[in-house]
Colleague: 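Provided herewith is a single structure, encoded as structure tokens, for subsequent inquiry.
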Amino acid sequence: MEIDKKKDVRALTKEQLRDFFVAQGDKAFRGNQVYEWLWQKGAHSFEAMTNISKETRALLAGHFVINHIRVDQMQRSNDGTIKNAVRLHDGLIVESVLIPTATRTTACVSSQVGCSLDCKFCATARLKRMRNLNPDEIYDQVVAIANESRLYFDRPLSNIVFMGMGEPLMNYNNVLKAIDKITATDGLAMSPKRITVSTSGVPKMIRKMADDEVKFKLAVSLHSAIDEVRTAIMPFNATFNLTDLREALQYWYQKTQSRITYEYVVWEGINDTRRDVEALVDFCKFAPSKVNLIEYNPIDDGAFRQADRKAIQNYVTALERNGITVTVRRSRGKDIDAACGQLANKQ
Ligand code: SAH
């Protein structure tokens, strides 16, 4: 695919856009107008900027491109979930998901093409190809879903979760820039409290987030609080072990006072014993937290099987007895491979 070598105009800050126009002998104010088209009105082309003169649009087109994402394919689940296959300017594809409930619309967005980690139970981990998404590629996924929310559900987007493809903390700077734009008053003006970043647990980056005093919420894909078990299913745990993770999470809580959510799947023969339950209860005591027990979405023929209801109930009982909030989550969008861990560009 031919890639236009001109710079993406959206890599410029508002200041840089203003400076560009001044350097061209125009007014700095023109920069504000173009910025508004790019970030508030989501223009895909310079042509669309109707209050900008033809000459100025030509000038912009001579210097820049807008590498907007394109929703190549949209699939709708029978439970209302929508999955977008999103084509990037270089032809690569990521997926994002709109999850409707009675009162909310949540956008689940990707942060990388493929994933740099190696969780054994996740379909995305099997994709070889990988690159980080740019801030605007993340932002565009949110805009696309916000539009679909208005179109199909007649309401605005209410929440965003970074639970699509990729490990957001391995693309931290770009994720942060995207969130800045999503929350900015001259962007989508969404509250950071409605945004959750989910990580498989990169201690150094969790500390960095705490130091940066980010205002969004943190979720950690824990799946086991016993090192041997966790390393067997999430091999990077050999490098970032549970002690490091726990210390980083304590640091996070001290700095932010923001409760941590643990995502956890219970698998038959892997983490369904009493010892597993007790280890999780202990882990949850280090910092205020809650647990989402999520349903396993099979990605192949066998190594992982969802544990039975009794095993899940053992977790619920023990956690509740210790005053830890726990919810059991049903998956959405399974019939279109849009559920957790199923995003793998199958189409
Ligand atoms: N890399 C980040 C973001 C991905 S979020 C993270 O790990 O948190 C996707 C969530 O779905 C994670 O909690 C992940 O552990 C979980 N998941 C992965 N594969 C799954 C599967 N097959 N069934 C259910 N959940 C899965």
Side-chain angles (χ1 to χ4, degrees), residues 81 83 94-97 99 106-127 130 132-133 138 141 159-172 174-175 178-179 195-203 205-206 209 216-225 229-237 240 245 248-249 252 260-268 270-271 280 289-307 312 327-346:
T81 302
K83 180 167 85 171
V94 292
E95 294 175 333
S96 22
V97 183
I99 308 149
T106 300
C108 174
V109 297
S110 294
S111 56
Q112 299 182 308
V113 186
C115 188
S116 29
L117 297 178
D118 49 6
C119 304
K120 298 286 186 212
F121 46 81
C122 180
T124 307
R126 300 186 176 175
L127 297 176
M130 207 281 283
N132 284 336
L133 295 190
I138 297 170
Q141 292 176 66
N159 298 75
I160 302 172
V161 294
F162 282 78
M163 296 186 185
M165 294 171 155
E167 168 49 50
L169 298 195
M170 294 294 206
N171 185 19
Y172 179 70
N174 290 349
V175 166
I179 293 179
I195 302 175
T196 300
V197 169
S198 177
T199 175
S200 42
V202 188
M205 300 315 294
I206 292 173
M209 279 168 63
F216 49 81
K217 293 191 184 155
L218 174 63
V220 176
S221 302
L222 195 59
H223 303 308
S224 174
V229 177
R230 195 166 194 260
T231 301
I233 57 177
M234 303 168 84
F236 63 87
N237 186 72
F240 312 130
L245 178 58
L249 292 172
W252 159 267
I260 303 149
T261 299
Y262 297 123
E263 294 153 88
Y264 202 104
V265 176
V266 188
W267 289 286
E268 198 179 301
I270 292 180
N271 57 356
L280 177 62
S289 50
K290 68 168 192 170
V291 175
N292 279 345
L293 292 176
I294 56 184
E295 194 180 351
Y296 177 56
N297 302 305
I299 55 166
D300 56 17
D301 45 11
F304 290 90
R305 263 189 321 271
Q306 163 95 43
I312 293 168
T327 51
V328 181
R329 283 275 156 84
R330 295 243 20 238
S331 257
R332 307 285 306 274
K334 271 206 237 186
D335 55 331
I336 54 166
D337 282 326
C340 297
Q342 291 188 317
L343 301 184
N345 296 342
K346 271 205 204 159

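It should be emphasised that the depicted structure is a prediction, and the values quoted were computed from it without experimental measurement. Counting starts at 1 for both ligands and their atoms, following the listed order. Note: hydrogens, waters and symmetry copies are ignored here, and every other heavy atom, side chains too, is used. Counting begins at 1 with the first residue of the sequence.
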Colleague: What protein heavy atom sits nearest atom 11 (O) of ligand 1, and how far off is it?
Modeller: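 So the nearest neighbour among protein heavy atoms is Cys340 CB, 3.3 Å.
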Colleague: What atoms in ligand 1 come closer than 4.0 Å to a heavy atom of Gly164?
Modeller: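 With Gly164 as reference, the close atoms of ligand 1 come out as 4 (C).
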Colleague: Considering only protein heavy atoms, which is closest to atom 23 (N) of ligand 1, and at what distance to one decimal place?
Modeller: Asn297 N, 3.0 Å
Colleague: Is a side-chain donor or acceptor of Ser110 paired with a backbone partner of Met165 at a separation under 3.5 angstrom?
Modeller: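 Side chain of Ser110 to backbone of Met165, a donor-acceptor pair under 3.5 Å: yes, one is there.
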Colleague: Rounded to the nearest 0.5 Å, what separates atom CD in Gln112 from atom CE in Met170?
Modeller: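 The CD atom of Gln112 sits 7.5 Å away from the CE atom of Met170.
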Colleague: Counting each atom of ligand 1 from 1 as listed, which ones have a heavy atom of Glu263 under 4.0 Å away?
Modeller: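 Those atoms are 10 (C), 12 (C), 13 (O).
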Colleague: Scan Tyr296, Tyr264, Trp267 and name whichever one has a ring-ring contact (aromatic ring centres under 6.0 Å, His included) with Phe121.
Modeller: Trp267
Colleague: Does an N or O anywhere in Phe121 fall below 3.5 Å from an N or O of ligand 1?
Modeller: yes
Colleague: Which atoms of ligand 1 have any heavy atom of His223 under 4.0 Å away?
Modeller: 14 (C), 15 (O)
Colleague: Tell me: protein heavy atom nearest atom 9 (C) of ligand 1, and distance?
Modeller: Met163 O, 3.7 Å
Colleague: May I ask you to list the atoms of ligand 1 that are less than 4.0 angstrom from any heavy atom of Cys122?
Modeller: 18 (C), 19 (N)
Colleague: Tell me, please: is Ser331 in heavy-atom contact with ligand 1, that is, under 4.0 Å?
Modeller: no
Colleague: Determine, using heavy atoms of Gln342 and all atoms of ligand 1, whether some pair is separated by less than 4.0 Å.
Modeller: no
Colleague: For ligand 1, indicate whether the residue Thr199 contacts it via side chain, backbone, both or neither (heavy-atom separation under 4.0 Å).
Modeller: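 The backbone, only.
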Colleague: Which is it for Ile233 and His223 under the side-chain contact (heavy atoms from CB on, under 4.5 Å) test, yes or no, and what are the steps along the way?
Modeller: CA-CA 9 Å; Ile233 57 177; His223 303 308; 4.0 Å; yes
Colleague: Return the residue, atom name and 0.1 Å-rounded distance of the protein heavy atom closest to atom 24 (C) of ligand 1.
Modeller: Glu295 O, 3.3 Å
Colleague: Within this structure, what is the CG-OG distance for the pair Asn237 and Ser224, rounded to the nearest 0.5 Å?
Modeller: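 Reported value, rounded in 0.5 Å steps: 8.0 Å.
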Colleague: Suppose we screen for salt bridge (charged side-chain N to carboxylate O under 4.0 Å, His left out). Which residues come up paired with Glu268, at least two apart in sequence or across chains?
Modeller: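 Arg305.
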Colleague: Of the listed options (Pro168, Ser110, Ala123, Gly341), which comes nearest to atom 18 (C) of ligand 1 when hydrogens are ignored and any heavy atom counts?
Modeller: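 Among Pro168, Ser110, Ala123, Gly341, the closest heavy atom to atom 18 (C) of ligand 1 belongs to Gly341.
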Colleague: Kindly identify the option in Ala339, Ser200, Gly166, Ser221 whose heavy atom sits closest to atom 3 (C) of ligand 1.
Modeller: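 Residue with the shortest heavy-atom distance to the ligand atom: Gly166.
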Colleague: Under a 4.5 Å cut-off applied to non-hydrogen side-chain atoms, are Phe304 and Val265 in contact?
Modeller: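 No. Closest side-chain heavy atoms not under 4.5 Å.
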Colleague: Do Tyr296 and ligand 1 have an N or O pair less than 3.5 Å apart?
Modeller: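 Between Tyr296 and ligand 1, no N or O pair is found under 3.5 Å apart.
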Colleague: Please evaluate residues Arg126 and Ile299 with respect to the criterion side-chain contact (heavy atoms from CB on, under 4.5 Å), reporting the C-alpha separation (whole Å), side-chain torsions for both, the decisive distance (0.1 Å), and the verdict.
Modeller: CA-CA 10 Å; Arg126 300 186 176 175; Ile299 55 166; 3.6 Å; yes
Colleague: Which value, rounded to the nearest 0.5 Å, describes the distance between Gln342 atom CD and Asp337 atom CG?
Modeller: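 Taking CD in Gln342 and CG in Asp337, the distance rounds to 4.5 Å.
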Colleague: Distance from Asn297 atom CG to Cys122 atom SG, nearest 0.5 Å?
Modeller: 10.0 Å
